[in-house]
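Quick note: residue numbers are just sequence positions, from 1. Everything numeric in this text was worked out from a predicted model, so none of it was measured. Both ligands and their constituent atoms are indexed starting at 1 by order of listing.
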Amino acid sequence: MKAKPGPVGRGLVPRRKSAKHPDFTIIRGGRVLDARARRADPADILVTGDTITEIGAPGLKAPAGATVIDARGKLLHAGLVNAHTHAHGNLAKGMGDLWTLELLLTAGPWISGNRSLEDKYLSAKLGAVEMVLKGCTAAYDLPFEWPAPTSEGLEAVGRAYAEVGMRAHVAPMMADRTFFEAIPGLIDVLTPGMRKDVEKLRLAPWKTSVDNMRKALRAWTLDRTQVRLGVAPTIPHHCSDDFIRACVELAKEYELGIHTHVAESKVQAVVGLQRYGKTLTAHLDDLGVLGPRFTVAHGVWLDGDDMKRLGDRGASVAHNPGSNLRLGNGLADMRGMLDRKVNVGVGTDGANCSDNQNVYEAMRLASFVSKGQTPDLERWVTTEEVVLAATEGGARALGFGDKIGRLAPGYKADIVFLDLGHVNWIPFNDPTNQLVHTEDGTGVESVMIGGRMVVEQRRVTTVDVAALARDAEAARARLARVNAPTKEICGRLAAVVGRFCPGLAHTPYHITRYVGT
Ligand SMILES: [Zn+2]
C-alpha cells in the first residue's frame with residue numbers, strides 16, 4: 001500500500017515542515033504498548049513510506065521535512081486483526097435473535113438473498129468502516145455469493161476494503177451441498193412443498209466455484225499486500241471431498257489461505273461423526289487441508305486430538321467467542337489450543353450473528369469465556385495472550401504475519417491511537433489488562449494503516465460515511481421488499497429445523513479436552 005500522509009485533523013496534527021521528505025512521518029510522544037511486558041513507555045516512531053523503520057526514546061532523530069504527529073496523551077498499539085468475519089453480514093446486523101447456527105443458516109437466503117454487486121460492495125464497506133473506527137486494521141473475510149462466488153463479487157468486496165484503507169484476506173464461502181443436504185435426515189422430515197423450496201436453493205456444481213475462483217485470481221488488480229484472496233470451503237460436510245481436494249490444490253497453486261468453519265456447533269460435530277466416522281478435523285486432515293495456511297473458524301467442539309493435529313501442522317483457529325455465545329454453540333477452549341501450539345486469532349464473526357465488528361469486545365469475551373470454563377487458574381488465558389492473539393496471531397492466520405500485528409521496525413505502520421484522557425484509561429494502571437478488559441473501542445481516536453491516517457479524531461477520512469449510510473438504508477429497504485417471499489419460506493423451514501436440530505444437539509458427544517498437552 002502506498003503511503004500517504006493523512007489529511008490534517010484537529011487533535012493529532014501532522015505538521016509538514018517542508019515538502020522535502022513526504023515519505024517520512026515521525027510520531028512523537030505516544031506511549032507504545034508492549035503487551036508482554038505490560039508496559040507502555042513514551043517512545044517516538046519513525047515511519048518511512050508505509051513501514052515502521054525505527055522506534056526509539058523520545059527525541060528520536062527524524063529526517064528534515066518529516067511529517068510530525070504529536071501523540072502525547074495517546075496509547076499506541078498495533079492495529080487489531082479480525083480473524084473471522086463475513087462481508088455480507090453487515091447489511092443483516094440485528095435481523096435475528098433466537099437463532100442457533102442451524103437457524104441462522106436456514107435464514108441465510110432471506111437475510112443475504114438477492115444482493116446486487118452494489119449491495120455486496122456496500123455491505124463490505126460498512127463492515128470495514130465499523131472495524132477501522134474500532135481499532136481494527138485487517139480482517140479475514142468470508143463473503144458469500146449464491147450460487148457460487150464470482151470474480152466481480154470478490155472484486156467488489158476487495159475494492160470496498162481498499163477504498164476504506166484496510167487490509168483483508170478475502171476468502172469466499174463455497175459449498176456444493178445446501179445446509180438441508182448436508183444434515184443427514186433433514187430433507188426426509190420436510191413436506192413435499194418444502195422440498196421443492198429447498199430444491200431452489202441448490203448451489204452451483206463445485207467445478208463452477210473453482211473455475212470462478214481461478215478467474216478472480218487472474219483478474220485481481222488490487223495490491224495483494226493489502227487485499228488478497230483465499231478460499232473457504234465453508235463447512236466440511238457442506239462440501240464434497242472432491243471439492244475440498246480441489247480447494248487444497250488451488251491454495252497450493254496460488255499460495256492462498258484456506259478457511260473453514262469446523263465444529264462450530266455440536267450439531268456439526270455430531271454430523272461429522274455420522275458422515276465420516278471421525279471428527280471433522282480428522283476428515284480434513286485426511287484430505288490434506290491441515291497446514292500453516294489453514295484456519296479453522298470457531299473450533300468450539302474440537303477435541304484434544306483435533307487440536308494436536310492443528311498445532312502439529314502449524315494451523316490457526318479464529319476464536320469468535322461473541323458469535324459462539326450468541327448462537328448458543330458453547331465455549332471454545334483457547335487454553336487447550338495454545339497448549340497444543342495452535343496459532344489462535346480472535347474474530348467477531350459476521351454482523352448477522354454477533355452483531356458488531358468490535359475486536360475489543362471479542363478480546364474481552366475471549367478472556368472471560370476462558371475464565372468461565374473452569375476454576376483451574378492455569379487453564380485460564382491471560383490478557384497478554386489475548387492481545388497477542390488479536391494482533392500477532394490474527395496477522396499470521398491472514399498470511400500477513402511478517403508484516404503486521406506488531407509495532408516494530410520492518411512492520412507496516414498499522415497503529416491505533418487510543419486517547420488516554422478517555423474515561424477507559426482513567427486511571428492508567430496496567431495497559432494490557434485495560435486494553436482487553438476495559439477498552440471497548442470508544443477510546444479510539446485515530447487509526448493509521450500503512451502510514452496513512454484512515455481515522456482521525458474519530459472520523460473516517462477515506463470514505464463519505466453519510467453517503468454510505470444513505471446507500472445502506474436504500475439497500476436495506478429494497479432488500480426487505482424483494483426478500484419478503486423468501487422470508488416466509490425460511491420461516492416455514494425454520495419451524496422444522498428448530499425441532500430437528502436440537503435433537504441432534506442432544507446426542508451424547510463426549511470430547512476429551514484436558515488430556516496431556
Ligand atoms: Zn463464520
The side chain to side chain donor-acceptor pair (under 3.5 Å) partners of His298 (sequence neighbours excluded) come to Glu264, Asn320, Asn324, Asp349
Practice task
May I ask you to check whether Cys353 brings an N, O or S atom to under 2.8 Å from the Zn ion (ligand 1)?
Solution key: no
Taking the Zn ion (ligand 1) as the apex, His261 NE2 and His84 NE2 span an angle, rounded to 10°, of 100°
Can you tell me if His86 has an N, O or S atom under 2.8 Å away from the Zn ion (ligand 1)?
yes
For Asp241, the salt bridge (Lys or Arg N to Asp or Glu O under 4.0 Å) test, sequence neighbours excluded, returns none
Here the N/O/S atom of Asp349 closest to the Zn ion (ligand 1) would be OD1
Residues Arg115 and Ser123: closest non-hydrogen pair is NH1-OG, 3.8 Å
Heavy-atom nearest pair, Pro321 first then Val369, reads CB-CG2, 4.0 Å
